[in-house]
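What follows is one structure encoded as structure tokens, with my remarks underneath.
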Amino acid sequence: MGAGDTAQPARPAETARPDAGQAAVRPVLHGACRPAVSVIRNRADFLKAARARRQAVPGFLLQARRRRQEEPFSDIRVGFTCSRKVGNAVTRNRAKRRLRALAHAVLADEGRKGWDYVLVGRPQVTVARAWPDLIGDLRRALESVHAEREARP
RNA sequence: GCGGAUGGCUGGACGGCCGCGGGCCGCAAGGUUCGAGGAAAGUCCGGACUCCAUGAGAUGACGGUGCCGGGUAACGCCCGGCGGGGGUAACCCCAGGGAAAGCGCCACAGAGAAGAGACCGCCACCUGCCCGGAAACGGGCAGCGGCAAGGGUGAAACGGUGGGGUAAGAGCCCACCGCGGGCCGGGCAACCGGGCCGGCAAGGCAAGCCCCACCGGGAGCAAUGCCGAAUAGGGGCCCCGCGCGGGCCGGUCGCCGUUUCCUUCGGGAGUGCCCUUUGGGGCAAGGCGAUACCGCCGCAGGGAAAUCUCAGCCCGGGGGCCCGGGUUGGCAGCCAGACCCUGCCGGUAACGGCAGGGCCAGAUGAAUGGUCGUCGCGGCGGCGCUUUCGGGUGCUGCCGGACAGAAUCCGGCUUACAGGCCAUCCGCGCGU
């Protein structure tokens with residue numbers, strides 16, 4: 001009986017894994033290796049990302065953090081933040097949805113495994129900025145954040 | 001046709017690419033179906049539902065409501081009336097109980113603001129002075145007085161208008177209106193109509209306090225209930241202190257069972273040990289599982305003692321029963337309901353009854369979308385055609401498309417809202 005119980009504690013750590021495992025299989029069908037993108041829902045992860053490096057671009061603010069060794073690192077995680085300064089509830093929702101679509105379009109190809117990204121909405125611009133400009137913003141922000149990492153030995 | 005009043009509806013459509021959340025089916029891949037609003041908002045009322053408190057309840061405090069009748073689960077909501085006010089009208093507006101229970105206040109202006117008051121003013125008798133006069137007397141001014149009509153102030157001036165009356169005046173008297181009290185008639189009632197009496201006594205503010213009637217226990221879904229890491233850890237009681245307990249390792253037991261090369265995929269050759277009836281079987285190595293039992297022998301050593309140490313390795317005083325707390329988080333509450341649609345019946349209506357049909361979001365760093373295109377709508381402009389000169393119509397360019405995002409759920413209220421549509425009614429104009 002004791003051996004049966006000892007297998008239990010290991011399970012919570014693996015809850016994030018199954019997605020990663022399936023995603024690792026799926027890209028083979030496409031021929032390219034696209035890591036899975038999952039969503040950050042935990043407050044602690046948001047706070048950690050906010051304390052790590054950041055890059056402001058016209059459309060939004062990007063916060064990014066490379067996860068530590070003991071955390072799962074096979075996927076890309078992304079979160080979204082729109083405070084009350086962005087506008088009323090309708091505007092906040094719309095800003096968040098645009099950021100979500102933006103992450104979907106760009107991050108799977110240009111994000112890095114084992115990193116957390118948080119996209120922070122800005123008043124007026126996040127909702128109004130033209131779509132191609134926003135995509136360009138994210139590409140430049142990612143480049144800058146990754147370069148900063150490599151410059152620091 | 002123009003202007004207006006009221007009630008209601010709508011809140012762009014279609015498609016391509018890429019996505020999200022829930023349910024159902026499926027081992028899975030995946031499939032299928034559903035997926036924001038009229039206010040989802042403000043959180044202002046009323047409930048459902050939970051937990052807490054409570055002897056039924058009464059009283060007080062506090063809060064709320066306030067014409068009458070009806071509707072409703074309930075309401076401060078809705079409907080129908082009444083009264084007052086506004087509008088030619090349709091219709092709209094009203095915080096609409098009590099001011100002869102009491103307290104308080106009524107700024108400024110004004111003489112005076114509640115049993116008030118005399119600034120200008122009006123006036124007879126009487127007294128004094130002056131003028132005229134022969135005198136009687138007349139006139140003027142002042143005093144002693146009378147009055148409150150007119151002027152003036154004010155949001156409001158101690159009933160209003162008219163007449164009589166008077167020196168001048170005054171509800172002093174009269175008529176009507178207003179006010180108060182009975183009476184009669186109508187209405188469930190608020191109230192309305194009529195008539196009689198009284199005779200001015202009763203200013204306004206209750207959204208200052210207050211009085212009267214009625215209603216209200218408190219907190220809220222972050223309510224509340226359940227599950228819940230681990231050698232973790234809190235409290236109580238009892239027992240033991242035994243080379244004891246827990247984890248890991250090994251032994252042991254059970255099950256499985258082997259390796260290399262070639263290949264035309266049929267097979268062939270080789271093989272750690274033993275047995276063989278040549279079919280194969282057993283043992284060792286290996287894997288998986290179980291773990292009661294065992295951990296070389298010996299049966300100990302240190303310390304005054306409690307007790308500690310050692311012997312596979314590591315950690316620790318141990319065991320039993322009961323109670324309680326609780327982090328990350330998960331589940332329930334949590335979506336079939338005072339529900340929606342249609343029809344019939346009752347009711348002026350709000351609404352109610354019956355029958356049939358329908359299933360319509362359940363997220364939790366929070367889904368219900370992102371992007372591109374076409375069409376449609378509105379505004380401004382250009383060109384063409386047409387015109388009863390108001391406009392209509394075709395093509396085209398630019399711009400715009402509101403207010404706003406479910407979070408336990410219902411009934412209301414309030415506030416926000418680009419543009420568009422419908423119905424009924426009123427006034428004016430024109431035609432018949």
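Chain letters run A, B, ... following the sequence lines, proteins first, then strands; residues in each count from 1. Here the structure is a predicted model, which means the values were calculated and not measured.
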Q | Whole angstrom value for the distance that separates P of B:G405 from CZ of A:Arg92 | A | 8 Å

Q.
Under 4.0 Å from OP1 or OP2 of B:G405: is there any side-chain N or O of A:Arg97 that close?
A. no

Taking N or O atoms only and anything under 3.5 Å, show me the protein contacts with nucleotides 16-23 of chain B, one pair per line.
unit_1 : atom_1 : unit_2   : atom_2 : d
B:C18  : O2'    : A:His104 : NE2    : 3.1
B:G19  : O5'    : A:His104 : NE2    : 3.4

**Q.** Options B:G370, B:A366, B:A36, nucleotide nearest the side-chain atoms of A:Asn93
**A.** B:A36

Q: Please list, by residue number, the residues of residues 120-129 of chain A whose heavy atoms come closer than 4.0 Å to an atom of RNA chain B; answer none if no residue qualifies.
A: none

Q.
Expressed as a whole number of angstroms, how long is the span from A:Phe80:CZ to B:G369:C1'?
A. 12 Å

Q) Could you give the CG-to-P distance, from A:Leu119 to B:G365, as a whole number of Å? A) 18 Å

Q: Please state how far atom CZ in A:Arg77 lies from atom P in B:G365, giving the value in whole angstrom units.
A: 14 Å

Q | Whole-Å distance separating the CG atom of A:Leu134 from the P atom of B:G369 | A | 19 Å

Q.
Tell me which one of A:Arg92, A:Arg97, A:Arg122, A:Arg94 satisfies side chain to side chain contact (heavy atoms under 4.5 Å, CB included) with A:Val127.
A. A:Arg94

**Q.** Nearest-Å distance for atom pair CZ/C1', residues A:Phe46 and B:A366
**A.** 11 Å

Q: Counting Watson-Crick and G-U wobble pairs only, both distances under 3.5 Å, name the nucleotide matched with B:A124, or none.
A: none

Q: Respond yes when some side-chain nitrogen or oxygen of A:Arg98 is under 4.0 Å from OP1 or OP2 of B:U371, and no when none is.
A: yes

Q | Paired nucleotide for B:U65 [Watson-Crick or G-U wobble; both distances under 3.5 Å] | A | B:A213

Q: Assign A:Ile40 to base, sugar-phosphate, or nothing according to its heavy-atom contacts below 4.0 angstrom with the strands shown.
A: sugar-phosphate

Q) Does a distance-only test, which skips hydrogens and angles, find a donor-acceptor pair under 3.5 Å between the side chain of A:Arg94 and the base of B:G370? A) no

